[in-house]
Amino acid sequence: MTKNPESFSEELLAWLLQDSNSAEFSTETGANSINSGNQAQVEPLASSQANPAVNYKSNSPELADLDPLDSEGIDFALTNSSEVPAFSPHSGSQSLKPGEILTVQDRFHALLKRRLQTEIQRHPPLFPWESEVYAYEPDQVDSTVVGQVPRRLWAAQLRNLSVPVALPEAVLAQLLDQCQDLLQTSLREGAKLVRAVETLFPGHTQTLNDLAGMVLVSPARSGTLDAQMGSSLLETSTKFPDSYEAATPKQQMALSLLAAREILSSLTLSISASQSCLERQWLTAAGLLTLEIRYQPQAEPRLRVQGRLPSGGSLKLQGRSTQSAASRSQPGCISVEVFDPQPNQTYPLTVEFYDQEQEPLVFVIQPLSD
């Protein structure tokens, strides 16, 4: 259906300028006001006689469903007709200067944007599967869990820690992150435990210090705490609850310290001349990772690691001045070794799986002197 461009422009302009007061005027009143003026001439927009609140009812099917603005009336604030030349859609005999055209265009765009925003607020768009508007609840994202996504590949092992009560996955993932950062530091074990846990309990460093000393001598998987730990620990509790969430803050601190101790112990591979072979397994989302460490302290001292990977990946063993690395694209065994390892030094071992988009897991190997 062909539509007169000038007629459609007039209808669109009138729709943009409508306000909520236009509904109060009848069609008859509008007709009388039109008849009282010049019936053959449309009033110029910039004329001092123009009324910004235009009474208009459109028969156009494109505009019939649209509601008028219910906010403030729109005023061009042109009190002097000489400010902008009079313009009529019918006349075409008077043109605007370039600067005036831009002003009119900007004003038109602002009116159109505001009008569309109002219509969207009144009649929000629906999804294809919706028949009416629903007030959806915003998704609650646990920032702690989000921050620990890169460690999920290695998190399966953490579910088997020797602690009296299972800890939430988000807490375990944060502890693993902290333990990885502390693994190669020269801090004592108690200080490492406190540093690993204090991010979970900010402002409770002294309490954590007190509990850490007791945790270091506690049995690994007993549900109760030894009496020799003193009355202060008994005040925390003589028996842990069934869940981490049901524990008191001090109990949660003690459980977190126990878990941190287990993680640090699992990541530290201590070996000596009397115990020259050590095997360590770590359960991952890709399968079971097995590491076999052999230490030869005499006759060409060397430190050798053989890994059985459940997925394609790599091993990297860092020596004092050299490093050894090996990789394979499929599951299977690879080995790395460094020469002349020194007792009581730490040697980082990095395990990485391909196509996992995860942070690597780092162990430390520590040859001990007998």
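Given the structure is predicted, the values throughout are model-derived calculations rather than measurements.
- Grouping the Ile, Leu, Val, Met, Phe, Trp and Tyr side chains by contacts below 4.5 angstrom, directly or via other members, places Leu349 apart from Leu368.
- At least one donor-acceptor pair under 3.5 Å links the side chain of Thr118 to the backbone N or O of Arg114.
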List the steps, then state whether side chain to side chain contact (heavy atoms under 4.5 Å, CB included) holds for Leu315 with Leu291.
CA-CA 10 Å; Leu315 292 179; Leu291 301 173; 4.3 Å; yes
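- For Ala246, the side-chain contact (heavy atoms from CB on, under 4.5 Å) test picks out Pro241, Ser243, with sequence neighbours left out.
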For Gln157 and Ser266: C-alpha separation, side-chain torsions, deciding distance, then whether side chain to side chain donor-acceptor pair (under 3.5 Å) applies.
CA-CA 10 Å; Gln157 176 71 21; Ser266 298; 5.1 Å; no
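- The shortest heavy-atom contact between Ala166 and Tyr244 is O-CB, 3.7 Å.
- A donor-acceptor pair under 3.5 Å is absent between the side-chain atoms of Gln184 and the main chain of Val364, judged by distance alone.
- Legend: residues meeting salt bridge (Lys or Arg N to Asp or Glu O under 4.0 Å) with Asp340, ordered by chain and number and at least two apart, are Arg320.
- When side chains are defined from C-beta on, Pro360 does not count as touching Val351, because their heavy atoms never get closer than 4.5 Å.
- Inter-residue side-chain proximity for Glu119 and His123 is flagged as met; some heavy-atom pair is nearer than 4.5 Å.
- Taking Arg195 as the reference, Glu198 meet the salt bridge (Lys or Arg N to Asp or Glu O under 4.0 Å) condition, with sequence neighbours excluded.
- Side-chain contact between Pro343 and Tyr295 is present, with heavy atoms from C-beta onward closer than 4.5 Å.
- In this structure, Leu187 shares a hydrophobic cluster with Leu182, the cluster being traced through Ile, Leu, Val, Met, Phe, Trp and Tyr side chains under 4.5 angstrom apart.
- Under the 4.5 Å side-chain heavy-atom criterion for ILVMFWY residues, a single connected hydrophobic cluster contains both Leu167 and Leu200.
- Leu216 and Phe240 end up in the same hydrophobic cluster when Ile, Leu, Val, Met, Phe, Trp and Tyr side chains are linked at under 4.5 Å.
- Annotation: the span from Leu153 atom CG to Glu352 atom CD amounts to 10.0 Å, rounded to 0.5 Å.
- In terms of the side-chain hydrogen bond (donor to acceptor under 3.5 Å, both in side chains) criterion, Thr290 has no residue partners (sequence neighbours excluded).
- Remark: side-chain polar atoms of Glu262 are not paired, donor with acceptor, to backbone N or O of Ala259 under 3.5 angstrom.
- Enclosure of atom CG in Asp242 is not indicated, since only 12 or fewer non-hydrogen atoms of other residues, nucleotides or ligands lie within 6.0 angstrom.
- A heavy-atom distance below 4.5 Å is not found between the side chains of Ser276 and Gln296.
- Annotation for Cys179 and Ala196: closest pair SG-CB, 4.2 Å, computed over non-hydrogen atoms.
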When the side chains of residues 297-305 are checked against the rest of the protein, which donor-acceptor pairs come out under 3.5 Å, sequence neighbours left out?
unit_1 : atom_1 : unit_2 : atom_2 : d
Glu300 : OE1    : Arg302 : NH2    : 3.0
Arg304 : NH2    : Ser335 : OG     : 3.2

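- Closest approach of Ser327 to Tyr354, counting heavy atoms only: CB-OH, 3.0 Å.
- Contacts of Glu292 classified as salt bridge (Lys or Arg N to Asp or Glu O under 4.0 Å), with partners at least two apart in sequence or in another chain: Arg294.
- When all heavy atoms of Leu269 and Phe363 are compared, the pair lying nearest together is CD1-CB, 4.1 Å.
- The distance from atom OG1 of Thr248 to atom CE of Met253, rounded to the nearest 0.5 Å, is 8.5 Å.
- Using a 4.5 Å cut-off on side-chain heavy atoms (C-beta onward), Leu309 and Ile334 make contact.
- Taken from CG in Leu172 to CG in Leu161, the straight-line distance is 6.0 Å, to the nearest 0.5 Å.
- Phe353 is linked by a ring-ring contact (aromatic ring centres under 6.0 Å, His included) to Trp154, counting only residues two or more places apart in sequence or in another chain.
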Determine whether Arg261 and Leu258 satisfy the following criterion, side chain to side chain contact (heavy atoms under 4.5 Å, CB included), listing intermediate values before the conclusion.
CA-CA 5 Å; Arg261 184 186 66 172; Leu258 286 169; 3.8 Å; yes
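- The number of heavy atoms from other shown groups lying within 6.0 Å of CZ (Arg328) is above 12.
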Gln323 vs Val338, test: side chain to side chain contact (heavy atoms under 4.5 Å, CB included). Steps then yes/no.
CA-CA 7 Å; Gln323 71 175 21; Val338 294; 5.9 Å; no
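- In this structure, the separation between CZ on Arg280 and CD1 on Ile365 is 10.5 Å, given to the nearest 0.5 Å.
- Residue Val194 comes nearest to Ala212 through the heavy atom pair CG2-CB, 3.8 Å, listed as atom of the first residue, atom of the second, then distance.
- Here Ser274 pairs with Ser272, Asp370 under the side-chain hydrogen bond (donor to acceptor under 3.5 Å, both in side chains) rule; sequence neighbours left out.
- Not a single side-chain hydrogen bond (donor to acceptor under 3.5 Å, both in side chains) links Glu279 to another residue, sequence neighbours left out.
- A heavy-atom distance below 4.5 Å is not found between the side chains of Ser265 and Leu267.
- For residues 160-205, no residue pair satisfies the ring pair (Phe, Tyr, Trp, His ring centres under 6.0 Å) rule, not counting sequence neighbours.
- Between Leu283 and the choices Leu289, Asn160, Leu158, the side-chain contact (heavy atoms from CB on, under 4.5 Å) rule is met once, by Asn160.
- Two residues are said to be in side-chain contact when any heavy atoms from C-beta on lie closer than 4.5 Å; Gln252 and Val171 fail this criterion.
- In this structure, CD in Gln206 is found 5.0 Å from CG in Asp210, a value given to the nearest 0.5 Å.
- Residues passing the side-chain contact (heavy atoms from CB on, under 4.5 Å) test with Gln345 are Gln342, Tyr347, sequence neighbours excluded.
- Residues Thr346 and Gln366 share a closest heavy-atom pair of CG2-NE2, 4.2 Å.
- Between atom CD1 of residue Ile263 and atom CG of residue Leu175 there is a gap of 5.0 Å, rounded to the nearest 0.5 Å.
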Are Leu193 and Leu264 close enough, and set up right, to give a side chain to side chain contact (heavy atoms under 4.5 Å, CB included), and what steps lead you there?
CA-CA 9 Å; Leu193 293 182; Leu264 287 171; 3.9 Å; yes
